Amino acid sequence: MIAQFPILYPDEDFRSIVYRYHVLSGNKNLSDTNIDLFNRKSYKNTVFPRNLSYLIDRVPSNFISVERLLHNHTYFCWLKPFVPTERFASIMDEIMFNKGESNIASLLGKERGRLLVEDYRYCPVCIANDNKSYGEVYLHRKHQLSLLKCCPEHGYELLTHCPNCGEKFESRLVTSSICMCGFDISETDIGEQYFDNIKPEQEILQNFEQLAKYSKELHLEDILFKMKNILGLKGYMKYSGRIDRKRLIEDFKNYLVDNNYNQFLDVNVNSQMKTDAFILIGNQVKSIIFYVLFMMFLSGSVEEFLIDNSAFSIPIPFGNGPWNCPNSVCPVFNQPIIRKCIRVDHQGKYISGLFGCPSCGFSFAKRWKLKDQGKERPYAVLTMGHLWNSILIDLHSSGLSNTQIAKYLHSSPGQIKVALSRMQEPRSDKRIFQALNILWSSLNLNCEVASTSEAAGQPNENRARIIELLRKNVGITRTELARKHSHLYHKMLREDREWMEQVLPTSKKNKVRIDWERLDNQYSNDVVVAADELYRRNPSEQIKKYTILAHAPKTTKEHIENAPEKLPKTIELLKSRVETDEQYLLRHLPVIISQMKKYNKKVTSLENIKTFSPMYRKSTEELDEQLTNQLNDLL
């Protein structure tokens with residue numbers, strides 16, 4: 001057990017705890033202290049502990065838990081919510097067992113996006129108060145946040161060096177109010193308070209405290225889901241599911257300026273939000289201050305953002321139908337006869353709906369925008385249909401005037417005149433023909449396809465257009481071509497498929513499919529080899545799922561993580577090779593005995609083991625018997 005381990009103070013930085021132990025121990029250098037506390041030879045006092053399990057095993061079991069130590073005395077409470085799930089296990093391995101190189105401190109940000117300042121900082125009033133309350137001085141976590149220039153509690157500028165001798169605190173942490181030069185730092189001429197100027201800092205710090213309050217149960221996926229949900233509720237989500245980045249970035253920048261928060265965000269907002277998935281995709285945290293400010297922008301505060309359970313969904317454009325036929329000459333006029341709507345997405349700007357009555361052939365188009373939902377827009381007629389046209393011809397042939405015909409067809413004389421002229425000279429607007437082709441082809445009706453397809457362009461003309469598109473877009477896939485030129489692509493597939501198959505890029509459908517059954521057998525062997533090798537090495541940490549996967553081939557690990565449902569044999573085998581708590585305690589017993597002998601501790605009974613190592617206090621009665629038998633064999 002460690003003697004004279006210091007009491008932990010409120011909001012004390014972990015580095016301060018290590019340094020106060022260093023002073024109490026009388027060690028000549030920090031390397032000796034790191035060996036005492038973490039069994040690792042290092043001259044650095046790191047932001048996060050490494051091999052923390054070694055320290056936890058050597059302090060009383062009721063002293064402090066790992067969770068409380070990380071949450072209350074390191075910056076883990078602000079980092080954890082933004083760590084990708086697949087990276088979390090490796091970070092905990094580094095903290096608990098000094099295993100791997102996740103470089104956890106870098107996740108707190110680099111250069112302009114750093115969460116912490118490089119120099120240790122102290123408030124002179126806090127130094128005086130700590131000295132009075134505890135008889136010593138310690139490093140406060142919140143004072144190290146880069147967004148603060150002054151103490152949020154007292155309003156005075158934070159110190160980075162002794163005002164008398166000028167020595168920086170980075171060379172040694174402050175544990176007493178008296179500097180090595182004899183100057184009492186608590187009696188520094190502290191000047192004026194800046195309460196009027198630090199309101200933005202206090203507001204952001206309050207939101208950091210709210211984040212810490214919820215961080216224990218918070219995951220990256222929760223934040224990402226909430227962000228997308230709230231962006232949708234605030235109107236930044238297009239119907240296509242993409243974000244209106246231009247408007248979002250502009251509004252966020254204005255929010256920062258209006259609240260004087262832009263001074264704390266040195267990162268480029270545009271680069272942080274360069275994709276629709278923007279800030280949370282990738283394997284590293286870029287700027288935690290950015291995330292906090294973005295949550296404040298979306299919901300007013302981090303807490304309001306985290307407790308917001310509002311649901312967002314995009315309504316179906318034009319509804320589910322059926323829809324009425326608005327053609328007055330239709331036998332089912334104003335009745336819900338139209339049962340299908342062909343929706344076309346115009347690059348997220350708006351949705352067009354194509355409607356056709358199967359009874360009279362009347363067809364029309366409507367536009368729909370997300371911001372206009374609930375507002376009924378007028379429709380545009382594509383064609384009056386075969387029934388209306390036949391009645392028009394009959395009435396015109398009978399000698400009725402345009403005015404008389406218009407009255408019968410509920411139209412106007414001008415529209416009748418235009419309709420009659422179009423029968424002699426068909427309209428040249430290709431967009432109308434394209435819409436009709438899409439509509440009637442999708443509905444499997446042939447009312448007007450024959451007459452319109454010729455006007456839409458001869459086969460040779462369309463072949464030339466396809467060849468030109470392929471020439472200008474070298475390497476374009478079928479999917480991309482279909483997305484950019486939907487009507488032409490699908491029309492040519494219907495009418496000229498044999499030629500299209502000759503000139504189009506190879507279809508991805510022709511690629512060889514993955515043989516998952518073969519891979520399942522192969523990956524099962526990989527897992528067995530990795531697990532056997534791990535147990536042979538007898539590592540100090542417990543062998544869990546990701547411990548095994550870390551030693552398996554990279555491809556094996558990726559497939560297991562991304563497609564577990566296709567690898568049932570591998571998953572079942574992996575579960576069987578994971579080491580249970582009981583198995584770990586039995587395997588780890590020789591290591592504990594070795595450590596106890598190293599520190600001249602008695603090893604005569606299982607109770608000695610439990611006194612030295614708290615994790616053995618959780619064992620069951622049955623396990624105690626097995627441990628006792630193994631202990632007797634080892635002694």
Side-chain angles (χ1 to χ4, degrees), residues 4-25 33 45 47 49 59 63-64 68-78 115-213 264:
Q4 297 183 321
F5 195 77
I7 296 171
L8 312 187
Y9 297 130
D11 194 46
E12 182 175 13
D13 190 307
F14 174 76
R15 295 170 292 183
S16 175
I17 299 170
V18 172
Y19 192 80
R20 288 196 297 114
Y21 173 84
H22 175 70
V23 173
L24 285 171
S25 68
T33 296
N45 194 354
V47 175
V59 295
F63 181 72
I64 192 171
R68 281 183 54 214
L69 179 64
L70 291 178
H71 189 80
N72 297 335
H73 297 286
T74 75
Y75 302 88
F76 197 71
C77 58
W78 295 310
L115 179 66
L116 309 182
V117 292
E118 294 186 18
D119 299 329
Y120 297 129
R121 300 193 302 191
Y122 295 83
C123 165
V125 178
C126 288
I127 287 179
N129 291 343
D130 293 345
N131 201 46
K132 181 179 179 181
S133 300
Y134 308 114
E136 58 182 330
V137 177
Y138 65 92
L139 189 71
H140 291 243
R141 273 190 316 173
K142 60 187 174 187
H143 291 160
Q144 315 316 310
L145 296 174
S146 60
L147 61 97
L148 298 178
K149 299 294 184 292
C150 303
C151 175
E153 184 178 353
H154 303 112
Y156 295 111
E157 190 172 353
L158 296 169
L159 303 176
T160 59
H161 57 273
C162 172
N164 184 55
C165 66
E167 182 180 1
K168 275 193 171 185
F169 299 139
E170 65 180 356
S171 58
R172 61 177 186 82
L173 276 75
V174 176
T175 57
S176 168
S177 64
I178 308 298
C179 178
M180 295 289 287
C181 67
F183 178 74
D184 191 339
I185 303 173
S186 65
E187 296 181 359
T188 300
D189 182 8
I190 50 182
E192 62 176 309
Q193 289 179 301
Y194 293 95
F195 279 127
D196 293 338
N197 299 327
I198 64 172
K199 184 179 178 182
E201 287 98 319
Q202 291 173 321
E203 291 171 348
I204 299 176
L205 180 62
Q206 183 180 8
N207 281 273
F208 264 83
E209 291 169 347
Q210 292 172 8
L211 180 62
K213 174 183 174 182
F264 308 110

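Since this is a predicted model, take the numbers as computed values, not measurements. In what follows, residues are counted from 1 in the order of the sequence shown.
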Between D130 and H140, is any side-chain donor less than 3.5 angstrom from a side-chain acceptor?
yes

Taking every non-hydrogen atom, the tightest pair across N131 and S177:
ND2-OG, 3.5 Å

State, yes or no, whether a side-chain contact exists between L145 and W78 at a heavy-atom distance under 4.5 Å.
yes

Side chains of K213 and E209: does their closest heavy-atom pair fall under 4.5 Å?
no

Verdict with reasoning, L173 to V18, per side-chain contact (heavy atoms from CB on, under 4.5 Å):
CA-CA 10 Å; L173 276 75; V18 172; over 6 Å; no

Steps toward side-chain contact (heavy atoms from CB on, under 4.5 Å) verdict (I64, V59)
CA-CA 9 Å; I64 192 171; V59 295; 5.6 Å; no

Which atoms form the tightest heavy-atom contact between G155 and I198, and what is the distance?
CA-CD1, 4.0 Å

With rounding to the nearest 0.5 angstrom, report the NE2 to SG distance, H154 to C126.
4.5 Å

Flag the pair P163 / F183 as yes when at least one side-chain heavy-atom distance between them is below 4.5 Å, and no otherwise.
yes

Do E167 side-chain atoms and C162 backbone N/O form a donor-acceptor pair below 3.5 Å?
no

Only residue of N45, T175, T33 satisfying side chain to side chain donor-acceptor pair (under 3.5 Å) with H22 is T33

To the nearest 0.5 Å, atom CZ of F208 lies from atom CD of E203 at 13.5 Å

Might you point out which heavy atoms bring V137 and S176 nearest each other, and give the distance in Å?
CG2-C, 3.7 Å

Test L148 against R121 for side-chain contact (heavy atoms from CB on, under 4.5 Å), laying out the working first.
CA-CA 10 Å; L148 298 178; R121 300 193 302 191; 4.0 Å; yes

Do you know which two heavy atoms are closest between L147 and F264, and how far apart they sit?
O-CE2, 3.3 Å

Write down the atom of F5, the atom of L8, and the distance for their closest heavy-atom approach.
CE2-CD2, 4.3 Å

May I ask you to decide if L139's main-chain N or O and S16's side chain share a donor-acceptor pair within less than 3.5 Å?
yes

Inter-residue atom distance I178.CD1 - S186.OG, 0.5 Å rounding:
6.5 Å

Could you tell me whether the side chain of S146 and the main chain of L115 form a donor-acceptor pair under 3.5 Å?
yes

Gap between atom CD1 of I17 and atom CG of L69 - 0.5 Å precision
6.0 Å

First locate atom SG of C77, then atom CG of L70, and finally report the distance between them rounded to the nearest 0.5 Å.
9.5 Å

Any side-chain donor paired with an acceptor under 3.5 Å for Y138 and D13?
no

Below 4.0 angstrom, N of the basic side chain to O of the carboxylate: do D119 and K168 qualify?
yes

Does F14 offer a backbone N or O that forms a donor-acceptor pair with the side chain of H73 under 3.5 Å?
no

If only atom types and distance count, is the side chain of H143 paired as donor or acceptor with the main-chain N or O of L159 below 3.5 Å?
no

Going through the checks in order, is the side chain to side chain donor-acceptor pair (under 3.5 Å) test met by Q144 and Y75?
CA-CA 10 Å; Q144 315 316 310; Y75 302 88; 5.4 Å; no

Please report the C-alpha distance between F169 and I185 in whole Å, then the side-chain angles of each, then the deciding distance to 0.1 Å, and finally whether the side-chain contact (heavy atoms from CB on, under 4.5 Å) criterion is met.
CA-CA 12 Å; F169 299 139; I185 303 173; 4.0 Å; yes

Under a 4.5 Å cut-off applied to non-hydrogen side-chain atoms, are L24 and P6 in contact?
yes

Can you name the closest pair of heavy atoms from I7 and E12 and give their distance?
O-OE1, 4.1 Å

